[in-house]
Amino acid sequence: MKIERIIKKFQENHPGEDASILSLAFDFARDAHKDQIRKNGEPYIQHPLHTAYLLTEIKADLATVTAGLLHDVPEDTDKTLEDIKILFGSEIATLVEGVTKLGKIKYRGIERYRENLKKMFLAMASDLRVIFIKFCDRLNNLRTLEILPPEKQKRIAQETLEIYAPIAGLLGIWRLKWQMEDICFKALFPEKYHELEYKYEVEKKVERNRFFYKIKSILTPKLEEAELKYTIEVRFKHLYSIYLKMQEKDRKFDEIYDVFALRIIVPTVDDCYKTLGIIHTLWKPKPNRFKDYIAVPKPNGYQSLHTTIFGPEGKTTEFQIRTQEMHEESIYGLSAHWYYKNQRGQSIYKAPTWVEEIIEIQKEITTTSEFVKKIKLDIFRDRIFVFSPKGDVFELPEGATPIDFAYAVHTNIGNKAAGVIVNDKLGKLDQELKNGDFVEIITEKKRPYPNRDWLKFAKTKRARDRIRQFGKKSTLENIKRFLPGIKNK
Ligand code: MN
């Protein structure tokens with residue numbers, strides 16, 4: 001890897017931006033690491049170079065790529081963080097410090113695992129870019145995994161699958177997630193990996209191509225008739241996901257493989273729905289498999305239309321339909337937001353609610369195991385979206401109830417909740433809400449305070465805290481609060 005290649009790639013994503021700081025950082029890092037070599041015999045500088053290159057691939061900004069070049073300097077050389085701060089400024093120094101703090105993570109059982117998870121989340125909450133660097137650092141280290149003793153290989157692979165890959169998924173950086181997963185899969189189950197690789201790459205390739213052309217020959221005349229501009233491609237399925245599906249449902253490779261997956265990219269949202277209409281006219285859709293992630297995006301921002309149809313020869317075929325912008329987003333996830341921000345000089349990035357929640361949880365909880373438990377309860381759970389009567393969207397954890405919704409809207413709505421209407425029908429305050437529900441809370445103005453029994457089913461921290469607040473106050477205080485007449489006496 002050469003620095004010129006990194007600069008070139010960076011400038012492809014950020015045309016016109018001055019990238020000379022990358023050359024300076026390279027000279028500095030090369031000099032600092034000059035006497036070190038990697039386990040595979042390469043000069044050490046190759047590792048930060050590759051890390052920085054991976055960062056340009058996920059469209060990271062200039063400070064992040066620069067910090068990628070410098071990330072091992074304070075830890076492994078006699079140059080310090082202070083040197084970096086003086087030479088490159090405090091933004092870059094802070095990023096490097098963040099990566100250094102995450103430290104050299106080793107997998108040592110569950111306690112260590114929790115500790116690492118906590119560190120990752122805290123780093124993420126302070127600046128997501130630290131996590132991008134750590135991910136690229138890890139991905140490059142994985143590529144030289146084979147040199148390590150088998151035990152160590154397994155440990156690193158295990159940890160990557162348990163901590164790094166899921167977080168990359170949460171952040172929507174699928175590109176990194178898949179790459180990490182396939183390398184780890186190979187390290188942990190080499191025989192399974194090679195077996196699937198052979199089946200997928202060799203045995204099924206011809207069949208896959210034949211079917212692709214068949215579908216294309218039916219679909220493209222219709223798309224052209226509708227004057228749609230489109231690209232259509234076979235979706236690459238990574239081997240670890242095939243393996244997981246086989247495990248989950250105890251199915252055979254052929255059953256999973258035979259689900260044929262295609263992606264269509266069109267210019268506008270309108271075109272997405274038009275394309276969907278054309279597909280559903282040509283082939284019969286499979287019931288309950290249509291998902292509109294454009295109207296209701298996934299929590300990490302993912303957007304697309306998904307449908308499964310009975311295609312030619314009765315073959316089950318999955319379609320993803322999306323715009324180019326949605327496509328980029330699905331590959332680069334949150335890392336691409338930084339790109340947009342810097343490119344246009346305006347901030348369109350907003351941390352997802354769950355990242356903000358981490359900061360909140362972190363403020364009040366001190367022990368690691370409790371922290372992780374909370375995180376798992378509140379964050380790792382899948383999220384749902386429900387709508388208020390005004391059409392506002394609220395993000396809630398899966399399993400949330402109308403009480404959680406009420407408190408998400410407003411504390412007063414929660415405190416005074418008396419009933420609920422879900423999708424135009426009278427519902428119960430403790431029922432589980434589903435994605436896409438329309439929820440209207442009926443309030444009782446005279447109701448003095450929330451019902452302690454709600455704690456039995458309220459899921460969100462916000463709702464639970466608000467309900468508990470009332471329990472803590474003395475009865476007299478509560479009476480005073482709600483019967484102002486007494487207060488004055
Ligand atoms: Mn490193």
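Hydrogens, waters and symmetry mates play no part in the numbers below; they use all other heavy atoms, side chains included. Along the sequence shown, residues carry numbers from 1. Each ligand, and each atom within it, is numbered from 1 in the order the structure gives.
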Ring-face cation contact, Phe211 with Lys315, 6.0 Å cut, 45° max
yes

Could you measure the distance from the CD atom of Gln36 to the CG atom of Asp76? Nearest 0.5 Å is fine.
5.5 Å

Cation-pi geometry met for Arg464 and Tyr407 (6.0 Å, 45°)
no

Parallel, tilted or perpendicular: rings of Phe28 and Phe88 (30°, 60°):
perpendicular

Could you label the plane-to-plane angle of the His47 and Tyr44 rings as parallel, tilted or perpendicular, counting under 30° as parallel and over 60° as perpendicular?
perpendicular

Would a distance-only check, ignoring hydrogens and angles, find a side-chain to backbone donor-acceptor pair under 3.5 Å from Gln46 to Met1?
yes

Using a strict cut-off of 2.8 Å, how many protein N/O/S atoms surround the Mn ion (ligand 1)?
4

